[in-house]
Participant: 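The structure that follows is given in the form of structure tokens.
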Amino acid sequence: MTETNDTRKLRGEVRDFLAEERARGTVLGRPDSWLTGWDPDFSRRLAGRGWVGMALPPRYGGGGRGFAARVVVIEELLAAGAPVSAHWVADRQAGPSILAHGTEEQRQRFLPAIAAGRCFFSIGMSEQEAGSDLANVRTRAERVPGGWRLTGTKKWTGGAHVNDYAIVLARTGEHEDRHQGLSQFIVDLRAPGVRTEPIHLLTGEHTFNWFHLDGVEVPDDMLLGQEGDGWKQVTGELAFERSGPERYLSTFPLLVSLTRELRRGAATPDQQARLGALLARISAIRQLSLGVADALDAGRPADVRAALVKDLGTRLEGDLVHEVRRILPRTADTGATPGSYPHHLAYALLHSPGYTLRGGTNEILRGIITRGLERQS
Amino acid sequence: MTTTLATRVAALCEAGRLAGPGPFAETVLGHLDVVLPEGPSTVAIADGLSLAYAHPAVTRVGPIGTSGQDAALRVSGTLPRVPYGATSTVLVLTEGPRGPVLFPVDPARATAVPGTNLAGEPRDTLQLHDYAVAADDVRPLTPAELAEAGLRAALARAALIAGAAERCVELTARHTTTRVQFGRPLSHFQAVKQEEARLIEESALVRAAVDAAARELSPVGVAAAKAQASASVAEIARIAHQLHGAIGFTQLSELRFATTRLWSWRDEDGDESHWTALLGRAALAADDVWALLAV
Ligand SMILES: Cc1cc2nc3c(=O)[nH]c(=O)nc-3n(C[C@H](O)[C@H](O)[C@H](O)COP(=O)(O)OP(=O)(O)OC[C@H]3O[C@@H](n4cnc5c(N)ncnc54)[C@H](O)[C@@H]3O)c2cc1C
């Protein structure tokens, strides 16, 4: 992606907006704010500026601006540590997915609400026995008059306790090839038979849930895409999910916090060089990531490049935390003043297990990268 | 004496494995013939306190043998992040006006600001405002005794790290042999095996350095052990978490008891920068760098 006058203008607007939000006290520069920064009012104000559902067509209430513009906004929000988790999945995944696979009725119903920051989604893919092996999902959808009955338990479902809908991957048919017979459903999280149970992070934070579906009735018109196409649809989503700025910027706010701290005194040449080395790496990964966004905009396949960005980027997210600690040793402390360097250091560190797992683990991604190599040769 | 140290260090490794505190104070003070006070006690090796004699003009000969004063002290300043500091007798080791001293602090007579480390272990900050220490409670130390306490504290912490690292290996091995994905235990996959091997290596490295330092206490040995223990933490916790998958990131798994301790303990009693700098200085001061390692 090359910066144009348009993207520069957009960046400027987002930065002004963020400055206002900082003054309100909503943007605290916290690391990993796309996982735990849940602030529906912030999401709505962002949507008010046209920055949610930006890539959706205007006839569905979207901005019609393409992925590149969306990336500009996302980069700015993540680097600032803005609380974007409420609308995150709706904006990144559910919106594009409903646009691509949904019926006209589904598009009209959900897309304008998503773009308005009034409809929040969860991802209901993983289960106890279906982590990396996603095709192993056991949640069943049985035909009933007028629709489907869903039974099973999803695990690690982020935000299921606070969001409006989940896109649930369920088995609709038995096949020898496990990748067949899977379908996606839009499930109302307030429907009878839906029950969520918290799974607390090691920090005590609540974002994950057990998401029980005890015979939840889902009307026919909430099947997303074609029956049996679930696997194809899910893997299609993953290119979007894998290559975005959130795959290398989750801990960038800690770097911001570090530089603020270093500016108070005189940084040693060693500190300067180490800080510079981190920036060099982030900058290179960013270019790779932007290349994927361009490919997606142009409709070119990008699954291997996306996997590569995610492996490099998420490893950097973790390495950055340890390197920042080396550059400026302070006791990481969740009890420190919120917004302070020791506080950011603590959360960036305590969230580090997640970076290289979510959205497909790095081991699985490396498999995709080397299989891509085999395809080429 | 050295066997006692090795035994205590082994006990601390076990405590680290079980995520408990272990005989920390006993190990740090093992070279001094002090009787630990009744009830829980903890150690703080402090700098930055200000100490003054309480009775500089008393004319009798005081217990420390200096004429014209007794050993009673007035102490002000901060003891930062003392383990269990708000609920234990704190045995403070520090520089006094006439050389190093050891004295107990009762947290009830100080201002305690409770805090925790990343594992939730109490790390309480104590503010002393003109805190009075009776003459009988002041134990003078030689500079060598104070220095040795610092080494013992670092070694004790490194031993806790070694134990927690072993716990990471245990839990990860258990998880990868029981968790099935794609119809096979995780331990079947090459990528998992490779990472698990690195985890085992890194943990063995720490334990070897700790055991060696415990056999023959020396500044270089302890510096090498604590530096390596602290430096290995990132990789040990990273691999253990990665191989656990999402469950390790949550309270559904015990792994956090080990890894959050590792992330905190690497900073406590001197982080790797502190101890590697000491090693570097020792190397520069030595005639023969190799002889520094192979004594
Ligand atoms: C922060 C976070 C947020 C998440 N949010 C959601 C959500 O909202 N909705 C949802 O559905 N899911 C969510 N997940 C779940 C996520 O998709 C899974 O954690 C991920 O797919 C891995 O599954 P697992 O945790 O069961 O690990 P496992 O699959 O059990 O893997 C454990 C380890 O084994 C390795 N491994 C497994 N199979 C192989 C293999 N064949 N070859 C080599 N190595 C292998 C893995 O790489 C990993 O290191 C989230 C996870 C995290 C950490």
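Sequence lines set the chain letters: A, B, ... in the order given, protein chains first and strands last, and positions in each chain run from 1.
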Participant: Suppose we screen for side-chain contact (heavy atoms from CB on, under 4.5 Å). Which residues come up paired with B:Ser76, at least two apart in sequence or across chains?
Facilitator: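 So B:Ser76 forms a side-chain contact (heavy atoms from CB on, under 4.5 Å) with B:Ser50, B:Asp130.
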Participant: Given a strict heavy-atom distance threshold of 4.5 Å, which part of A:Ala336 is in contact with chain B: side chain, backbone, both, or neither?
Facilitator: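 Neither; nothing under 4.5 Å.
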Participant: By side-chain contact (heavy atoms from CB on, under 4.5 Å), which residues pair with A:Ala277, not counting sequence neighbours?
Facilitator: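 For A:Ala277, no residue satisfies side-chain contact (heavy atoms from CB on, under 4.5 Å) once neighbours in sequence are set aside.
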Participant: Go through chain B and chain A and list any donor-acceptor pairs closer than 3.5 Å, backbone and side chains both.
Facilitator:
residue  : atom : partner  : partner atom : Å
B:Arg81  : NH1  : A:Asp333 : OD2          : 3.2
B:Arg179 : NH1  : A:Gln128 : O            : 2.6
B:Arg179 : NH2  : A:Gln128 : O            : 3.4
B:Gln181 : OE1  : A:Gly131 : N            : 2.9
B:Gln181 : OE1  : A:Ser132 : N            : 3.0
B:Gln181 : OE1  : A:Asp133 : N            : 2.8
B:Gln181 : NE2  : A:Glu129 : O            : 2.9
B:Phe182 : N    : A:Asp133 : OD2          : 2.8
B:Gln242 : OE1  : A:Thr356 : OG1          : 2.5
B:Gln242 : NE2  : A:Thr356 : O            : 3.0
B:Gln242 : NE2  : A:Glu363 : OE1          : 2.7
B:Phe249 : O    : A:Leu202 : N            : 2.9
B:Gln251 : N    : A:His200 : O            : 2.8
B:Arg266 : NH1  : A:His322 : ND1          : 3.1
B:Arg266 : NH2  : A:His322 : ND1          : 3.2
B:Asp267 : OD1  : A:Arg325 : NE           : 2.8
B:Asp267 : OD1  : A:Arg325 : NH2          : 2.8
B:Glu272 : OE1  : A:Arg325 : NH2          : 2.7
B:Glu272 : OE2  : A:Arg325 : NH1          : 2.9

Participant: Checking heavy atoms, do the side chain of A:Ile199, its backbone, both or neither come under 4.5 Å from chain B?
Facilitator: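 Just the side chain, heavy atoms under 4.5 Å.
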Participant: Give the member of B:Gly120, B:Ala240, B:Gly245 that has the highest number of heavy-atom pairs under 4.5 Å with chain A.
Facilitator: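 Highest number of pairs under 4.5 Å: B:Gly245.
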Participant: List for me each residue that meets side-chain contact (heavy atoms from CB on, under 4.5 Å) alongside B:Ala277, sequence neighbours excluded, and say none if there are none.
Facilitator: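 side-chain contact (heavy atoms from CB on, under 4.5 Å) check on B:Ala277 returns B:Arg281.
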Participant: At a heavy-atom separation under 4.5 Å, does A:Ile364 approach chain B through its side chain, its backbone, both, or neither?
Facilitator: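 Looking at A:Ile364, just its side chain touches chain B.
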Participant: Determine the sole option in A:Leu202, A:Leu350, A:Leu345 for which the side chain to side chain contact (heavy atoms under 4.5 Å, CB included) test with B:Leu118 is passed.
Facilitator: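 The residue from A:Leu202, A:Leu350, A:Leu345 that satisfies side chain to side chain contact (heavy atoms under 4.5 Å, CB included) with B:Leu118 turns out to be A:Leu350.
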Participant: Below 4.5 Å from any heavy atom of chain A, which atoms of B:Leu186 appear? Answer side chain, backbone, both or neither.
Facilitator: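 Neither part, no heavy atoms under 4.5 Å.
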